[in-house]
Amino acid sequence: MEKIVEQGLLYDFYGELLTGHQRNIYEDAVYHDMSLSEIAEQHGISRQGVHDLIRRCDKQLAGYEEKLHLVRKFAEAKKTIARIDKLAEEGKRMPEKECRERLDLIRQLTAELMENL
């Protein structure tokens, strides 16, 4: 996964666990694509301080994912939902017997999805 996408996902899931100061700086770097110098000037800290804070936030967010696996579970749920949608769409064009089998598979997938949430 591209680093900026991964940072965004981790922040979306765990950003509220950072302090307000960390969130402000991390958002400037990740979402507003500001340079370290711009962030440092805006927040009155050194460029190195910004760099260190962003690295600490990256480690902290990755640590939360290691323990909680919310991003992984979300990605797996999205795949399962896409599969269910495809099965349902294909089922529209099938004979009744095959359609019932397809519905059983969809029920099984939704049960697995609910169990993993």
Side-chain angles (χ1 to χ4, degrees):
M1 188 179 331
E2 190 177 328
K3 182 176 176 155
I4 197 76
V5 173
E6 183 179 359
Q7 286 177 309
L9 274 172
L10 289 172
Y11 183 80
D12 287 345
F13 279 87
Y14 306 112
E16 289 299 314
L17 300 173
L18 301 175
T19 67
H21 179 69
Q22 289 173 319
R23 282 195 308 270
N24 289 335
I25 290 177
Y26 203 78
E27 285 176 8
D28 284 345
V30 174
Y31 290 115
H32 303 131
D33 198 27
M34 293 173 65
S35 71
L36 298 179
S37 299
E38 291 171 321
I39 297 168
E41 185 178 319
Q42 182 174 336
H43 292 277
I45 58 177
S46 70
R47 186 182 176 286
Q48 184 64 45
V50 172
H51 178 267
D52 292 346
L53 189 140
I54 292 169
R55 287 191 58 202
R56 274 194 313 276
C57 288
D58 282 337
K59 283 184 181 182
Q60 206 172 344
L61 296 172
Y64 292 136
E65 176 59 16
E66 262 183 52
K67 292 175 183 141
L68 301 171
H69 309 289
L70 296 179
V71 175
R72 179 181 54 81
K73 288 177 183 178
F74 175 74
E76 289 171 1
K78 279 182 66 173
K79 286 179 187 176
T80 301
I81 291 167
R83 185 170 175 212
I84 290 168
D85 186 58
K86 183 179 177 189
L87 289 168
E89 189 60 37
E90 290 171 350
K92 290 179 181 178
R93 298 180 297 277
M94 295 183 150
E96 189 174 330
K97 181 179 186 257
E98 289 179 34
C99 191
R100 283 193 187 119
E101 291 170 0
R102 177 97 14 162
L103 287 173
D104 288 340
L105 180 56
I106 288 172
R107 284 189 194 103
Q108 178 186 351
L109 289 171
T110 57
E112 289 172 13
L113 186 61
M114 291 302 291
E115 186 177 306
N116 291 327
L117 293 179

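Computed from a predicted structure; not experimentally measured.
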Specify the closest pair of heavy atoms between Met34 and Glu38, including all atoms of both residues, with the distance to one decimal. CA-OE1, 3.3 Å
Quick check: closest heavy atoms across Leu18 and Arg23, and the distance to 0.1 Å? O-NH1, 2.6 Å
List the atom pairs, with distances to 0.1 Å, where a side-chain N or O of residues 42-51 and a protein N or O form a donor-acceptor pair under 3.5 Å, not counting sequence neighbours.
| unit_1 | atom_1 | unit_2 | atom_2 | d |
| --- | --- | --- | --- | --- |
| His43 | NE2 | Asp28 | OD2 | 2.9 |
| Ser46 | OG | Gly49 | N | 2.8 |
| Gln48 | NE2 | Asp52 | OD1 | 2.8 |

Calculate, to the nearest 0.5 Å, the distance between atoms CE and CZ belonging to Met94 and Arg100 respectively. 14.0 Å
Nearest 0.5 Å, what's the CD-CG distance between Glu90 and Asp85? 10.0 Å
Could you walk me through whether Gln108 and Asp104 pass the side chain to side chain contact (heavy atoms under 4.5 Å, CB included) test, one step at a time? CA-CA 6 Å; Gln108 178 186 351; Asp104 288 340; over 6 Å; no
Considering non-hydrogen atoms only, spot the tightest contact between Tyr26 and Ile54 and give its length. CE1-O, 3.9 Å
Would you check if the side chain of His69 reaches a backbone N or O of Glu66 as a donor-acceptor pair within less than 3.5 Å? yes
If you take all heavy atoms of Val30 and Ile4, which pair is closest and at what distance? O-CD1, 3.8 Å
Distance-minimising heavy-atom pair for Glu65 and Arg72: OE2-N, 3.1 Å
Say you draw a straight line from CZ of Phe74 to NZ of Lys79; how long is it, rounded to the nearest 0.5 Å? 12.5 Å
Tell me whether Glu76 at atom CD has more than 12 heavy atoms from other residues, nucleotides or ligands lying less than 6.0 Å away. yes
Distance (rounded to the nearest 0.5 Å) between Asp12 CG and Leu70 CG: 12.0 Å
Quick one about Tyr14 and Gln60 (side-chain donor to acceptor, distance below 3.5 Å, no hydrogens or angles considered), yes or no? no
Leu105 CG to Glu101 CD distance, which is reported to the nearest 0.5 Å: 10.0 Å
Joining Ile, Leu, Val, Met, Phe, Trp and Tyr whenever any side-chain heavy atoms lie under 4.5 Å apart, the cluster holding Ile81 also takes in Leu113
In this structure, CG of Asp58 is separated from CD of Glu6 (nearest 0.5 Å) by 8.5 Å
Checking the side chain of Glu98 only, and the main-chain atoms of Pro95 only, is there a donor and an acceptor separated by less than 3.5 Å? no
Under 4.5 Å between side-chain heavy atoms, hopping through other hydrophobics if needed: is there a path connecting Met114 to Leu103? no
Might you point out which heavy atoms bring Asn116 and Lys73 nearest each other, and give the distance in Å? O-CD, 4.0 Å
Start with the C-alpha gap between Thr80 and Glu112, add the side-chain angles, then the distance that decides, and say whether side chain to side chain contact (heavy atoms under 4.5 Å, CB included) holds. CA-CA 9 Å; Thr80 301; Glu112 289 172 13; over 6 Å; no
